[in-house]
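These numbers were taken from a predicted model, which means no experiment stands behind them. Every number for a ligand or one of its atoms is a count from 1 in the order of the listing.
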Amino acid sequence: MSTAPLLSVVMPIYNEQEALPLTVERLRPILDGLGVTYEVVGVDDGSTDATPVLMQKIHQDWPEFRIVRFARNSGHQAALTAGIHRAFGDYVVSIDADLQDPPEKIPEMLELAREQGLDIVYGVRGDRGTDTFFKRHTAGAYYWLMRKLVGQRMPNQAGDYRLLSRAAVNALKAMPEHQPVYRLLVPWLGFPSGEVVYVREERVAGSTHYPLSKMVRLALDSVTNFSASPLRLATWLGLFSFLVCIALALYTTVAYAVGSTVPGWSSLFIGMLFIGAVQLVCVGLLGEYVGRIYSAVQARPAYFVGYDSAEERDRYGTGE
Ligand code: UDP
Ligand code: MG
């Protein structure tokens, strides 16, 4: 492609031989009807079914459909990362390949971003009626926890269906982490943003590639990506044990004075409590340091410059 397109649509695809043709059928007229230059970046996450062959065929009669293929399955988030990093467009929309995110919302997102000069437009799920009871509740718990970690800036129920401007994409590319959790990192950027509400549809064909194990991994990645507070747990436990230790030491001393104990019990008991508490505090202390090393290694930029009259073109360049 000689000049950069206006819009890139990034689509992680993993073993979607049933869903992909239907997705393309619905997506293409919408993008063609936009009247802007675009590309679709199909990221094949190491599919093992007929998906790669299908993608080749799609590419042949739809030149705007680009193929990025992974050597092996690396996960939805990794596929998203590759797609976002490789997209050329001034705006980048990420969307699932199973039509759960209705592509009809893409024009709306683009219009909102261009009209209001927004850098991020979140697709927010208005209704999860078609999801299973289990998925709704695990997702509910996930979003609750994540809002606690990132703060209220994170729109509730915003998944990976969203639009990013080139400025936001460049800011994300400046992040040194290997495995970013975009649904946390994007709100963390705090760039001007809007929302488009949509109804999460049922998967058009095939079945989910997000079993419980992958959900747990995403949740763990999300927590450890954004917070060192689990490391601090030992410190609090240690302090708590100290308090308990003092109370029990008083009790043991009284019991000893009254003479209602077996010889040796008081000293052993107090010693045991004391050592336990000291150990927990020490582990907590280590945690504090590990936490700081961790955030130093993450090396996230401290700020993004939104505007500088001297270099108007370089919006959100990291401040160096
Ligand atoms: N996906 C992927 N790699 C994986 C799992 C999923 O690229 O290891 C893609 C999948 O093809 C789809 C999107 O990520 O486009 C979301 O996956 P899925 O629909 O299975 O998850 P759910 O919607 O059930 O959470
Ligand atoms: Mg899905």
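In this structure, the protein non-hydrogen atom closest to atom 21 (O) of ligand 1 is Tyr210 CD1, 3.3 Å. The protein atom (non-hydrogen) at minimum distance from atom 1 (N) of ligand 1 is Tyr14 CB, 3.7 Å. Taking atom 13 (C) of ligand 1 as the reference point, the nearest protein heavy-atom neighbour is Asp96 OD1, 3.5 Å. The protein heavy atom nearest to atom 25 (O) of ligand 1 is Lys135 NZ, 3.0 Å. When hydrogens are left out, the protein atom nearest atom 3 (N) of ligand 1 is Asp45 OD2, 2.5 Å; that is the closest non-hydrogen contact. Of the protein's heavy atoms, Glu16 OE2, 3.5 Å lies nearest to atom 12 (C) of ligand 1.
Placement of Val124 and Phe191 within a single hydrophobic cluster is found when ILVMFWY residues are connected by side-chain heavy-atom separations under 4.5 Å, directly or transitively. Each of Val281 and Leu273 belongs to its own hydrophobic cluster when Ile, Leu, Val, Met, Phe, Trp and Tyr are linked at side-chain heavy-atom distances under 4.5 angstrom. Under the 4.5 Å side-chain heavy-atom criterion for ILVMFWY residues, a single connected hydrophobic cluster contains both Trp144 and Val181. Residues Phe240 and Phe269 are members of one and the same hydrophobic cluster, defined by side-chain heavy-atom contacts under 4.5 angstrom among Ile, Leu, Val, Met, Phe, Trp and Tyr. Residues Tyr38 and Val93 share a single hydrophobic cluster, defined by chaining ILVMFWY side chains whose heavy atoms lie under 4.5 Å apart.
In this structure, the side chains of His209 and Asn73 stay at 4.5 Å or more apart for every pair of heavy atoms.
For a distance bound of 2.8 Å, the N, O or S atoms of Asp98 include one lying that close to the Mg ion (ligand 2). Taking backbone and side chain together, Thr208 holds no N, O or S atom under 2.8 Å from the Mg ion (ligand 2).
Residue Arg200 approaches ligand 1 through these ligand atoms, each under 4.0 Å from one of its heavy atoms: 23 (O). Short contacts between ligand 1 and Arg203, defined as distances under 4.0 Å to a heavy atom of the residue, involve ligand atoms 18 (P), 19 (O), 20 (O). Those atoms of ligand 1 with a heavy atom of Thr208 less than 4.0 angstrom away are 20 (O), 21 (O), 22 (P), 24 (O). For ligand 1, the atoms sitting less than 4.0 Å from at least one non-hydrogen atom of Lys214 are 4 (C), 5 (C), 8 (O), numbered in the order shown with element in parentheses. The ligand atoms of ligand 1 that sit less than 4.0 angstrom from a heavy atom of Asp98 are 19 (O), 23 (O).
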Exercise. So His76 and Asp45, side-chain contact (heavy atoms from CB on, under 4.5 Å) or not? Walk me through it.
Worked result: CA-CA 8 Å; His76 175 218; Asp45 184 12; 5.6 Å; no
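When non-hydrogen atoms are compared, ligand 1 lies under 4.0 Å from the side chain of Gln100 (C-beta onward) but not from its backbone. Contact annotation: for Asn15 versus ligand 1, there are no heavy atoms closer than 4.0 Å. Looking at Ile13 against ligand 1, only its backbone comes within 4.0 Å, counting heavy atoms.
Comparing Met215, His209, His76 by heavy-atom distance to atom 14 (O) of ligand 1, the nearest is His76.
Annotation: Pro12 places an N or O atom under 3.5 Å from an N or O atom of ligand 1; distance criterion only.
For the pair Val43 and Ala82, the tightest heavy-atom approach, listed with the atom from each and the gap, is CG1-CB, 4.5 Å.
Taken to the nearest 0.5 Å, the CZ atom of Phe65 stands 5.0 Å off from the CE atom of Met11.
Between Asp90 and Arg114, none of the side-chain N atoms (NZ, or NE/NH1/NH2) sits under 4.0 Å from a carboxylate O, so this pair counts as no salt bridge.
No hydrogens or angles considered: nothing links the side chains of Arg203 and Gln100 as a donor-acceptor pair under 3.5 Å.
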